[in-house]
Amino acid sequence: MEPGLETIRSLVGREQEVGTFYIDKERMVSFAKVVGDENPCYIDEKEAEESEFHGLIAAPMFHSVLAITERMPYADVECGTTGMAAGHECEFYKPIRPGDILTISCCIEDVYEKTGRSGKMLFIIRRATLTDREGQKVVVVRHSQVLK
Amino acid sequence: MVGTKTFYEDVNIGEEIGPLEVDVKRRHIVRFVKQAGLNYKRFTDDQHARNEGFGAAIVPGTYSMSQLSKMLTDHFGPGTIKKLGVNYRGLVHHGDKISCRGIVIKKWAEDHDHLVECDIFLENQRGEKPVKGNATIRLASRG
């Protein structure tokens with residue numbers, strides 16, 4: 001059964017942990033190559049060791065392999081005919097490294113309606129926070145979905 | 001170069017970033033979607049995307065962001081992006097030729113950080129800008 005708008009509104013601000021993920025080197029390197037971002041810091045262990053990072057770091061959008069958007073609350077909700085991404089924002093606190101264990105917690109940050117040229121639209125803003133073993137923020141992602 | 005970074009003092013307001021020219025090939029998107037666990041046929045199947053009203057298979061927003069982030073780190077160095085935000089104003093399709101560009105609009109020092117703000121966008125071969133946004137870059141200072 002599709003959740004109604006009021007159900008989604010009632011979840012605003014409620015943080016939930018959606019999983020803990022081990023970051024492996026091969027996946028980091030593979031992602032950098034798939035997106036064509038082959039800075040040696042992302043793919044060459046020896047060169048990365050000699051850099052200021054003293055080891056491999058992940059390419060900036062690597063966290064997207066953790067399927068964060070799909071793990072967010074009611075990621076597949078359909079309140080109209082079409083749902084699609086309206087916007088995306090990432091705040092980077094520290095580099096992701098091989099061997100990191102990241103915990104993702106998500107919440108619906110805001111829900112609002114807007115009327116535009118194409119009619120009424122519903123916006124759902126979801127936030128995901130990735131933290132490391134020490135509980136420090138690594139990346140915060142905000143995803144805006146529009147449903148018409 | 002590995003870890004090469006721009007210094008804050010060397011950045012000028014109005015400085016152009018990019019362009020990073022990308023031929024959006026279907027096989028790259030299929031691999032990206034698989035890596036990212038994006039199980040939506042709109043990203044890989046033209047007919048399915050047409051049925052959803054997208055015209056043809058579309059490119060995930062995170063792929064566009066990865067190209068914009070590459071443009072920024074190619075210019076400023078790896079590990080320099082503090083914040084990256086975009087709005088999706090249109091669709092990017094397989095086969096599009098996209099040009100990622102940006103311009104420095106502001107620089108300032110705050111709480112021991114030296115920051116630069118950039119307007120960024122992605123333009124397709126039709127001159128449309130389906131992805132626009134901005135980025136905050138954190139740079140080292142010479143002193």
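Quick caveat, the model's predicted, so the values are computed rather than measured. Reminder, nothing fancy here: chain letters follow the sequence lines and each chain counts from 1.
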Worksheet entry | Steps toward side-chain contact (heavy atoms from CB on, under 4.5 Å) verdict (A/V35, B/Q35) | CA-CA 10 Å; A/V35 300; B/Q35 275 261 348; over 6 Å; no

So NZ of B/K83 and SG of A/C90: to nearest 0.5 Å the spacing works out to 11.0 Å

Here the pair of heavy atoms bringing B/P78 nearest to A/F53 is O-CZ, 3.3 Å

One option among B/R89, B/M65, B/H28 has the most heavy-atom pairs under 4.5 Å with chain A, and it is B/M65

Test log, rule side-chain contact (heavy atoms from CB on, under 4.5 Å), inputs A/H88 and B/T62: CA-CA 8 Å; A/H88 205 129; B/T62 42; 3.4 Å; yes

NZ (B/K70) and CG (A/N39) are apart, to the nearest 0.5 Å, by 8.0 Å

Under 4.5 Å to a heavy atom of chain A? For B/L68 that would be neither

Separation between OH (A/Y93) and NZ (B/K82), nearest 0.5 Å, reads 7.5 Å

Here the gap from B/S66 atom OG to A/F62 atom CZ, rounded to the nearest 0.5 Å, amounts to 13.0 Å

In short, B/Y88 meets A/G87 closest at the heavy-atom pair CD1-N, 3.6 Å

Among B/N87, B/T136, B/D74, B/V86, the residue with the most heavy-atom pairs under 4.5 Å to chain A is B/V86

Correct closest heavy-atom pair for A/V34 and B/R31 would be CG1-C, 4.1 Å

